[in-house]
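Report on the structure given below.
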Amino acid sequence: VQDEALYEKDFLHFLALLSQIVFEDLHFKRIFTETFSFREKHIQILEKFGLKYEGTLRQHVFKRGQWWDCFMHGLLKEEYQHEK
């Protein structure tokens, strides 16, 4: 990512829109993500938005010549904070 500040801003807006649709329109109970452990900035943004770390899938994917863990994050409907 060349512009990390723009990436963070855009990703946070995407998460807000996704959460609004999923929780307010579709009435889902929860959303979850699976993220490669080497995507540190991505993980920081997920947690900044409010997704909670839920677990690790150890050595789950082979990329860049090695095995990587995947981190699971989730957000429950009651944890969702809609900005009005």
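All values derive from a computational prediction rather than experimental measurement.
- A pairwise comparison of heavy atoms in T35 and I43 identifies CG2-CG1, 3.9 Å as the closest pair.
- With a 4.5 Å cut-off on side-chain heavy atoms, H42 and F11 count as touching.
- Atom OG of residue S19 and atom CD of residue E79 lie 11.0 Å apart, to the nearest 0.5 angstrom.
- Expressed to the nearest 0.5 Å, how far CZ of F36 lies from CG of L57 amounts to 11.0 Å.
- Between K29 and E78, at least one side-chain N (NZ, or NE/NH1/NH2) sits under 4.0 Å from a carboxylate O, which counts as a salt bridge.
- Between the side chain of D69 and the backbone N or O of Q59 there is at least one donor-acceptor pair closer than 3.5 Å.
- Two residues are said to be in side-chain contact when any heavy atoms from C-beta on lie closer than 4.5 Å; E34 and F71 fail this criterion.
- Between C70 and H60, the shortest heavy-atom distance links the atoms SG-CD2, 3.6 Å.
- Less than 6.0 angstrom separates the ring centroid of F38 from the ring centroid of W68.
- Both V22 and F14 belong to a common hydrophobic cluster when Ile, Leu, Val, Met, Phe, Trp and Tyr are linked at side-chain heavy-atom distances under 4.5 angstrom.
- Hydrophobic clustering (ILVMFWY, side-chain heavy atoms < 4.5 Å, transitive): L6 and L12 are in distinct clusters.
- A salt bridge links E8 with K41: at least one charged nitrogen is closer than 4.0 Å to a carboxylate oxygen.
- With salt bridges taken as basic N to acidic carboxylate O contacts below 4.0 Å, none links K77 and E24.
- The ring-ring contact (aromatic ring centres under 6.0 Å, His included) test applied to F23 returns Y80, not counting sequence neighbours.
- Distance CD/E40 to CD1/I45: 12.0 Å, rounded to 0.5 Å.
- Going from atom CZ of F28 over to atom CG of L76 covers 14.0 Å, rounded to the nearest 0.5 Å.
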task: Take L75 and L15 through the side-chain contact (heavy atoms from CB on, under 4.5 Å) test and state the conclusion after the steps.
output: CA-CA 11 Å; L75 183 67; L15 290 171; over 6 Å; no
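- Among the candidates H73, M72, E54, the single residue satisfying the side-chain contact (heavy atoms from CB on, under 4.5 Å) test with T33 is H73.
- Under the 4.5 Å side-chain heavy-atom criterion for Ile, Leu, Val, Met, Phe, Trp and Tyr, L26 and F32 are members of distinct hydrophobic clusters.
- Here the straight-line distance linking atom NE2 of H13 with atom CG of L18 works out to 14.5 Å at 0.5 Å rounding.
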